[in-house]
Amino acid sequence: MTASLDTAAGRAPETPRIVLITGAARRIGRSLALGFAARGWDVAVHYGASREEAQEVVAEIVGMGRRAVALHAELGDEAQVAALLPACIAALGRPACIVNNASRFEEDTARNVGYELLLKLTAMNLGAPLVLARMLFDATPQAALTDETQRSVVINVLDQKLYNMNPDYLSYTLSKAALQTATVALAQALAPKVRVVGLAPGLTMQSGDQTPESFEAAHRTTPLGRASRPEDIVAAALYLADATGVTGTTLVVDGGQHLVPLPRDVMFLTGF
């Protein structure tokens, strides 16, 4: 199966700016999609299993007067990932920005880590962003070598725990650490046509079996008295998308969460 296009609509502006956001149907990805649209971007809404939610996001964006399309791809399948950019171009045009937001988050530790989960998370959390960055470089015109207005940007969503290490969720952490290193390597390799930057949120939305009480308690254990909110991540992504002098670095947006060393993931320290 290759990436599939569900729906596209809305008006086309004279000079549209287009963004492709992975995992844009739900949670932070949804906030990013709506935030970019509110800033005047047309949005390719990638989804994996959340087709109905993706179509709802598309409808909201079209209601804002922007164009949008829902694109399906399993990020663990290289062929499907490789079909995403051509599908976006066919529906909306060449994206100036790709936000690698989607990631798989599953629990394992050094005591039970194994090839199966490690390779699955690496394919989704690292492989897909690498393929999309490569394809965006190929799609960016040669004029971008001298014309900054033609350049593109990749925003890799990372995690504050890379700056505040703990041993929980080992395979996930390793995949994000590799993506952090790739952000620097890609920024070097793809310049000047493509900028590559990282964005590292902290605890932003309630996850898994976490209770509202434990989520709020964890949120407060930061220097600013709260960790990141969806609107913080949106504002940071919009800044990075337009920050033409920034590449090869990561912006940590977490209310200072990474400044408070924790021996375990907050999920375990605050209870469920």
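Residue numbers start at 1 and run along the sequence shown.
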- Message: Under the criterion side-chain contact (heavy atoms from CB on, under 4.5 Å), I'd like the reasoning laid out for Leu238 against Val234: C-alpha separation, chi angles, the key distance, then a yes or no.
- Response: CA-CA 6 Å; Leu238 288 169; Val234 172; 3.8 Å; yes
- Task: Measure the shortest side-chain to side-chain distance between Leu71 and Val69 over non-hydrogen atoms and say whether it is less than 4.5 angstrom.
- Result: yes
- Got a second to check how far Gln55's CD is from Arg51's CZ, nearest 0.5 Å? 5.0 Å
- Message: To the nearest 0.5 Å, what is the distance between OG on Ser31 and CD1 on Ile233?
- Response: 9.5 Å
- Contact check, side chains of Ile98 and Val19, non-hydrogen atoms, under 4.5 Å: no
- Task: Report the hydrophobic cluster partners of Leu119, with the cluster defined as I, L, V, M, F, W, Y residues connected by side-chain heavy atoms closer than 4.5 angstrom, directly or transitively.
- Result: Tyr115
- Item | Expected output: side-chain Asn125 to main-chain Thr122 donor-acceptor under 3.5 Å | no
- Query: With no hydrogens and no angle check, do the side chains of Lys193 and Gln150 hold a donor and an acceptor under 3.5 Å apart?
  - Reply: no
- Query: Hey, any chance Leu145 and Leu136 share a hydrophobic cluster, counting ILVMFWY side chains that come within less than 4.5 Å of each other, even indirectly?
  - Reply: no
- Message: I want to check something: taking the side chain as every heavy atom from C-beta on, are Leu20 and Val99 in contact at a cut-off of under 4.5 Å?
- Response: no
- Query: Can you check whether Glu107 reaches Asp168 side chain to side chain, under 4.5 Å on heavy atoms?
  - Reply: no
- CG on Asp254 to OG on Ser228, rounded to 0.5 Å: 6.5 Å
- Query: For Val57, what residues pass the side chain to side chain contact (heavy atoms under 4.5 Å, CB included) criterion, not counting sequence neighbours?
  - Reply: Arg30, Ala33, Leu34, Val45, Ile61
- Nearest 0.5 Å please: distance from the CD atom of Glu116 over to the OG atom of Ser171. 10.5 Å
- Message: Among residues at least two apart in sequence or on other chains, which ones pass side chain to side chain contact (heavy atoms under 4.5 Å, CB included) with Leu130?
- Response: Leu126, Ala182, Leu186
- Item | Pairs flagged by salt bridge (charged side-chain N to carboxylate O under 4.0 Å, His left out) wherever residues 177-192 is involved - sequence neighbours left out | none
- Query: Under a single-linkage definition using a 4.5 Å side-chain heavy-atom cutoff for Ile, Leu, Val, Met, Phe, Trp and Tyr, are Val253 and Val246 assigned to the same hydrophobic cluster?
  - Reply: yes
- Message: Minimum heavy-atom separation for Val58 and Ala70, please, with both atom names.
- Response: CG2-N, 3.6 Å
- Minimum heavy-atom distance between Gly29 and Asn101, given as atom pair plus value: CA-ND2, 3.4 Å
- Message: If I compare all heavy atoms of Ile155 with all of Cys97, which pair ends up nearest, and what's the gap?
- Response: CD1-SG, 4.0 Å
- Partners of Thr146 by side chain to side chain donor-acceptor pair (under 3.5 Å), sequence neighbours excluded? none
- Any link between Val113 and Tyr172 through a network of hydrophobic side chains (Ile, Leu, Val, Met, Phe, Trp, Tyr) touching at under 4.5 Å? no
- Asn100 vs Leu132, side-chain contact (heavy atoms from CB on, under 4.5 Å): CA-CA, chis, key distance, verdict: CA-CA 8 Å; Asn100 288 307; Leu132 289 172; 3.4 Å; yes
- Give a yes or no on whether a salt bridge exists between Asp42 and Arg66, defined as a side-chain N under 4.0 angstrom from a carboxylate O. yes
- Donor-acceptor contact below 3.5 Å, side chain Arg195 vs main chain Ala241: yes
- Query: Which side chain to side chain donor-acceptor pair (under 3.5 Å) pairs, counting each pair once, include a residue from residues 177-186, with sequence neighbours left out?
  - Reply: Asn156-Thr183, Tyr163-Gln180
- Item | Check: His72 side chain, Gly48 main-chain N or O, donor-acceptor pair, under 3.5 Å | yes
- Query: Which atom names give the shortest non-hydrogen contact between Ala200 and Gln160, and what distance separates them?
  - Reply: CB-N, 3.9 Å
- Message: Go through it in stages, so that I can follow the logic: the residues are Leu75 and Asp77, the test is side-chain contact (heavy atoms from CB on, under 4.5 Å), and I'd like the CA-CA distance, side-chain angles, deciding distance and then a yes or no.
- Response: CA-CA 5 Å; Leu75 296 185; Asp77 184 322; over 6 Å; no
- Determine which pairs satisfy salt bridge (charged side-chain N to carboxylate O under 4.0 Å, His left out) with at least one residue from residues 87-106, sequence neighbours left out, and list them in order. Arg104-Glu106, Glu106-Lys120
- Exercise: do Thr140 and Ser152 side chains pair donor with acceptor under 3.5 Å: yes
- Would you call the rings of Phe105 and Tyr169 parallel, tilted or perpendicular, where under 30° means parallel and over 60° means perpendicular? parallel
- Message: Same cluster or not: Met165 versus Val184, using hydrophobic residues (I, L, V, M, F, W, Y) connected whenever any side-chain heavy atoms lie under 4.5 Å apart?
- Response: no
- Quick one: salt bridge (charged side-chain N to carboxylate O under 4.0 Å, His left out) partners of Asp108, sequence neighbours excluded? none
- Message: Donor-acceptor pair, distance only, cut-off 3.5 Å: does the side chain of His46 make one with the backbone of Ala24?
- Response: no
- Query: Which atom names give the shortest non-hydrogen contact between Gly248 and Val197, and what distance separates them?
  - Reply: N-CG1, 4.3 Å
- What distance separates Glu53 CD from Glu56 CD, expressed to the nearest 0.5 Å? 6.0 Å
- Do Ile21 and Val43 come within less than 4.5 Å of each other through their side chains, counting heavy atoms only? yes
- So do Asn166 and Lys161 actually touch side chain to side chain, heavy atoms under 4.5 Å? yes
- Given Leu162 and Lys176, is the side-chain contact (heavy atoms from CB on, under 4.5 Å) satisfied, shown in steps? CA-CA 8 Å; Leu162 298 176; Lys176 286 295 188 179; 4.2 Å; yes
- Item | Residue pairs, two or more places apart or on separate chains, that pass salt bridge (charged side-chain N to carboxylate O under 4.0 Å, His left out) and touch residues 232-245 | Arg17-Asp242, Arg226-Asp232
Which atom pairs, donor and acceptor, lie under 3.5 Å between side-chain atoms of residues 82-91 and protein residues at least two apart or in another chain?
none

- Who are the ring-ring contact (aromatic ring centres under 6.0 Å, His included) partners of Phe137, not counting sequence neighbours? none
- Leu174: partners by side chain to side chain contact (heavy atoms under 4.5 Å, CB included), with sequence neighbours left out: Leu118, Leu170
- Task: Check whether any side-chain heavy atom of Leu158 sits under 4.5 Å from a side-chain heavy atom of Thr250, and report yes or no.
- Result: yes
- So which heavy atom on Gln80 is nearest to which on Glu74, and how close? OE1-N, 2.8 Å
- Is the shortest heavy-atom distance from the side chain of Pro223 to the side chain of Val260 under 4.5 Å? yes
- Heavy atoms of other groups near Glu231 CD, more than 12 under 6.0 Å: yes
